[in-house]
*Asks:* 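One structure coming up, written as structure tokens, with questions to follow.
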Amino acid sequence: MRSVDPRFYLNTGDLVESGASAADWQTFFDIVSPFANDTPYWPSVGNHDTPTEKYFHFFSLPGNERWYSFDYGTAHFIALDTTDNISAGSAQNDWLRSDLERANSTVEWKFVFFHHPPYSSGLGHGSDLSVRNALDPVFVQYRVDAVFTGHDHDYEHADPKNGVQYFVTGG
């Protein structure tokens with residue numbers, strides 16, 4: 001990863017096996033420190049991270065730190081927390097709509113990253129239909145370009161022909 005000199009890293013969750021384990025966090029930071037010490041690292045919460053006190057201690061993220069956004073050049077990036085309520089009318093869903101509304105007039109590209117994939121053929125978990133039902137209409141409405149997720153340990157690309165490209169990153 002260092003050879004391409006990235007400006008930042010995104011992570012789709014499950015940084016550790018157990019969010020409560022200090023040893024797991026130490027292992028995580030031992031692994032990522034060679035490249036993340038001097039390059040921004042933007043995580044999203046996974047079910048193994050179960051946003052614990054340690055997660056919030058180790059990261060200083062914008063907003064409420066569970067879901068947040070930032071801009072880089074002409075792109076807008078949004079991290080969501082699919083371990084929390086994302087259904088229509090929830091605080092996170094309302095925030096997402098408001099954030100995308102603001103971004104629509106100022107950026108060329110919109111990318112979203114979170115843990116549970118709305119589209120996946122992975123044998124471990126597969127598509128999370130509650131995530132798809134809650135978020136896919138929002139992504140289509142606000143013309144999100146691409147969505148990056150984790151959870152399943154494979155690489156996948158889904159094109160549901162609605163204008164949004166979905167990726168399972170496999171990490």
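Only heavy atoms go into these numbers, but all of them, side chains included; no hydrogens, no water, no symmetry mates.
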*Asks:* Please find the pair of heavy atoms, one from His115 and one from Gly46, that lie closest to each other, and give the distance.
*Replies:* CG-CA, 3.5 Å
*Asks:* Can you confirm whether or not the ring centre of Tyr72 sits under 6.0 Å from the ring centre of Phe8?
*Replies:*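 Centroid distance Tyr72-Phe8: below 6.0 Å, so yes.
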*Asks:* Do Arg97 and Asp94 meet the salt-bridge criterion of a basic N to acidic O distance under 4.0 Å?
*Replies:*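 No, this pair does not count.
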*Asks:* Are Asp136 and Tyr119 side-chain neighbours, meaning at least one heavy-atom pair lies under 4.5 Å?
*Replies:*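 The answer is yes; the side chains approach within 4.5 Å.
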*Asks:* Does this structure show an ion pair linking Arg143 with Asp145, if we count only N-O contacts that are shorter than 4.0 Å?
*Replies:*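 Not counted as a salt bridge, because no side-chain N and carboxylate O are separated by less than 4.0 Å.
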*Asks:* Do Phe111 and His76 have side chains that approach each other closer than 4.5 Å (heavy atoms only, starting at C-beta)?
*Replies:*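 Side-chain contact under 4.5 Å: no.
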*Asks:* Write down the atom of Val138, the atom of Leu96, and the distance for their closest heavy-atom approach.
*Replies:*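 Result for this residue pair: CG1-CD2, 3.8 Å.
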*Asks:* Near His57 NE2, under 6.0 Å, is it more than 12 heavy atoms from other residues, nucleotides or ligands?
*Replies:* no
*Asks:* Taking the six-membered ring for Trp, are Tyr68 and Trp42 closer than 6.0 Å centroid to centroid?
*Replies:* yes
*Asks:* For Trp95, is the CH2 atom crowded, meaning more than 12 foreign heavy atoms sit under 6.0 Å from it?
*Replies:* yes
*Asks:* Establish, from distance only, whether the side-chain atoms of Ser69 and Asp99 form a donor-acceptor pair under 3.5 Å.
*Replies:* yes
*Asks:* Look up atom CZ in Arg66 and atom CG in Asp81, then write down how far apart they are to the nearest 0.5 Å.
*Replies:* 4.5 Å
*Asks:* Can you tell me how the ring of His125 sits relative to the ring of His151, calling it parallel under 30°, perpendicular over 60° and tilted otherwise?
*Replies:*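 His125 vs His151 ring planes: parallel.
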*Asks:* Could you report the tightest heavy-atom contact between Leu135 and Leu80, atom names first, then the distance?
*Replies:*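 Nearest heavy atoms, Leu135 then Leu80: CD1-CD1, 3.9 Å.
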*Asks:* Fit a plane to each ring of Phe70 and Phe113, take the angle between them on a 0 to 90° scale, and name the class: parallel (under 30°), tilted (30 to 60°) or perpendicular (over 60°).
*Replies:*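 Perpendicular, since the angle between the ring planes exceeds 60°.
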*Asks:* With under 30° as parallel and over 60° as perpendicular, where do the rings of Phe59 and Trp25 fit, or are they tilted in between?
*Replies:* perpendicular
*Asks:* Can a side-chain donor-acceptor contact be found between Thr106 and Arg102 if the only test is distance below 3.5 angstrom?
*Replies:*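 Absent: no donor and acceptor within the cut-off.
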*Asks:* Taking Thr149 for the side chain and Phe167 for the main chain, is one N or O donor matched with an acceptor at less than 3.5 Å?
*Replies:*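 Yes; at least one donor-acceptor contact below 3.5 Å.
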*Asks:* Counting the benzene-type ring for Trp, do Phe58 and Phe29 have ring centres under 6.0 Å apart?
*Replies:* yes
